[in-house]
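In the text below, chain A, chain B and the rest are named by the order of the sequence lines, each starting its count at 1.
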Amino acid sequence: MEIKKSFFRPKARIVAKELIGKILSYKNLSGIITETEAYENDEASHAFRRTERSALMHDSHGKLYIYFIYGNYYCLNITTYDKGPGAVLIRGLKPLEGISIMKRRRNCDDTDNLLNGPGKICQAFNIDKKLNGSLVNDKIKVLDNNIKLKIEKGPRIGIKKSQHLKWRFFVKE
DNA sequence: TACTGGATTCACT
DNA sequence: GTGAATCCAGTAA
């Protein structure tokens, strides 16, 4: 079933943890969320200073915040917190449906390597900033199938340059 | 108007 | 472990 908008009302760190095990679905593609990262009102977050781009994180919850990075990749976030800025970056998924399409788009035959990174998810799902600002469950859906996974906190992928490790959650292997 | 560096990924050493 | 690819938001002037 689709999760409610109120799911995204708490602070990002809470939502980030709760999102693990939920299903992200777009068109005929889907995957289980296995890694997230919370951004609140701290220096590592775009929301730290309010700008035209980051206003979405201040003014909404339960909307998609998609931005372009390093000239190559998009990152998919969901805005949170109804009393201030916040968003959760979707960092990793386990592929469920449409795996052959994802493989073709990613030019990658390895299922384990298909969606294990924020840029990879957007490439495989064909997500770009046209969807920025749209409501969750409008085009991209988040579904709760009651999957329970063991959650671990701390750094995992992409730790090389990331300064922001406080609220990263991933599935315990 | 021009400059700077990034919530990344991949290929290479 | 290092560097390139590559665009654009943010900032300063």
Side-chain angles (χ1 to χ4, degrees), chain A residues 8 10-22 24 26 29 31-81 84-95 98-99 101-134 136 140 142 151-171:
Chain A
F8 299 101
K11 285 195 167 193
R13 67 187 82 167
I14 310 290
V15 178
K17 192 174 179 182
E18 292 291 318
L19 271 175
I20 300 287
K22 300 287 185 289
L24 190 79
Y26 178 48
L29 309 171
I32 301 172
I33 297 174
T34 56
E35 184 156 356
T36 59
E37 188 166 321
Y39 286 89
E40 297 182 358
N41 200 15
D42 51 74
E43 269 186 84
S45 171
H46 294 168
F48 186 63
R49 291 176 228 286
R50 188 192 170 98
T51 64
E52 194 180 347
R53 179 174 68 166
S54 72
L56 196 60
M57 283 196 275
H58 290 256
D59 299 340
S60 73
H61 61 281
K63 283 187 178 180
L64 304 182
Y65 169 58
I66 298 162
Y67 63 91
F68 192 60
I69 191 75
Y70 293 123
N72 281 313
Y73 300 100
Y74 292 98
C75 290
L76 171 65
N77 300 246
I78 302 174
T79 63
T80 65
Y81 200 37
V88 175
L89 172 66
I90 309 297
R91 296 190 61 85
L93 299 179
K94 179 176 161 46
I99 294 177
I101 297 171
M102 297 177 190
K103 283 183 175 174
R104 194 166 64 241
R105 287 202 182 125
R106 291 260 304 107
N107 191 27
C108 165
D109 210 29
D110 178 6
T111 308
D112 292 333
N113 218 22
L114 215 49
L115 302 174
N116 59 341
K120 296 179 182 181
I121 292 167
C122 292
Q123 193 178 24
F125 278 67
N126 201 22
I127 291 167
D128 61 30
K129 66 178 181 187
K130 286 198 294 291
L131 295 172
N132 186 45
S134 67
V136 168
I140 294 179
V142 180
I151 300 168
E152 196 142 330
K153 187 169 178 251
R156 192 194 184 202
I157 57 174
I159 49 177
K160 192 168 50 178
K161 277 182 146 181
S162 179
Q163 335 80 318
H164 189 260
L165 305 170
K166 281 185 288 188
W167 295 309
R168 185 176 290 185
F169 301 96
F170 60 93
V171 175

Problem set entry | Non-neighbouring partners of V171(A) that pass side chain to side chain contact (heavy atoms under 4.5 Å, CB included), sequence neighbours left out | I20(A), T34(A), L149(A)
For this session: Take the protein atom CZ of R168(A) and the nucleotide atom P of dA7(B), then report the distance between them rounded to whole Å.
Result: 12 Å
For this session: Can you tell me which stems involve DNA chain C, if a stem is defined as three or more consecutive Watson-Crick or G-U wobble pairs, both distances under 3.5 Å?
Result: B:1-6 with C:7-12, B:8-12 with C:1-5
Problem set entry | Of the listed nucleotides dC8(C), dT9(B), dA7(B), the one nearest the side chain of K129(A) | dC8(C)
For this session: Measure from the side-chain heavy atoms of K120(A) and tell me the nearest of dT8(B), dT9(B), dC8(C).
Result: dT9(B)
Problem set entry | I90(A) side chain reached by N77(A) side chain, heavy atoms, under 4.5 Å | no
Exercise. Tell me: CD1 of I66(A) to C1' of dT8(B), nearest whole Å?
Worked result: 16 Å
For this session: Please round to the nearest 0.5 Å and tell me the distance separating atom CG of L64(A) and atom CG of N132(A).
Result: 8.0 Å
Exercise. Nearest-Å distance, CG (N77(A)) to P (dT8(B))?
Worked result: 10 Å
Problem set entry | Nearest-0.5 Å distance, CE of residue M57(A) to OG1 of residue T79(A) | 9.0 Å
Exercise. Expressed in angstrom and rounded to an integer, what is the separation of F68(A) atom CZ from dC7(C) atom C1'?
Worked result: 5 Å
For this session: Mind checking G119(A) for me? I need base, sugar-phosphate or nothing, with any heavy atom below 4.0 Å counting as a touch.
Result: sugar-phosphate
Exercise. Does some side-chain heavy atom of L56(A) sit less than 4.5 Å from a side-chain heavy atom of Y67(A)?
Worked result: no
For this session: Measure the distance between the ring centre of Y73(A) and the centre of the six-membered base ring of dT8(B), then answer whether it is under 5.5 Å with planes under 30°.
Result: no
Give me the distances for all protein-to-nucleotides 1-5 of chain B N/O pairs that come in under 3.5 Å?
none

Problem set entry | Side-chain touch L19(A)/F8(A), heavy atoms, less than 4.5 angstrom | yes
Seminar exercise, completed: The reported gap from CE in M102(A) to CD1 in I121(A) (rounded to nearest 0.5 angstrom) is 9.5 Å
For this session: Calculate the interatomic distance between Q123(A) atom CD and dA5(C) atom P; express it in whole Å.
Result: 18 Å
Exercise. Separation of N41(A) atom CG from dA7(B) atom P, in whole Å?
Worked result: 15 Å
Exercise. Does some side-chain heavy atom of F125(A) sit less than 4.5 Å from a side-chain heavy atom of I140(A)?
Worked result: no
Seminar exercise, completed: When rounded to whole Å, the CD1 to C1' distance for the pair I121(A) and dT9(B) reads 13 Å
For this session: State, yes or no, whether a side-chain contact exists between L76(A) and L24(A) at a heavy-atom distance under 4.5 Å.
Result: yes
Problem set entry | Any donor-acceptor N/O pair under 3.5 Å between dA7(B) base and Y67(A) side chain | yes
Exercise. Which one, dC10(B), dA7(B), dC8(C), comes nearest to the side chain of Y65(A)?
Worked result: dA7(B)
For this session: Could you tell me whether the side chain of Y74(A) reaches within less than 4.5 Å of the side chain of I66(A), counting heavy atoms only?
Result: yes
Exercise. Where along residues 46-62 of chain A does a heavy atom come under 4.0 Å from DNA chain B, residue by residue in number order?
Worked result: H46(A), M57(A)
Exercise. What pairs meet the salt bridge (Lys or Arg N to Asp or Glu O under 4.0 Å) rule with one or both residues in residues 117-133 of chain A, with sequence neighbours excluded?
Worked result: D128(A)-K130(A)
Problem set entry | Pairing residues for F48(A) by the side chain to side chain contact (heavy atoms under 4.5 Å, CB included) criterion, not counting sequence neighbours | N41(A), E43(A)
Problem set entry | Distance, rounded to the nearest Å, where L89(A) contributes CG and dG6(B) contributes P | 16 Å
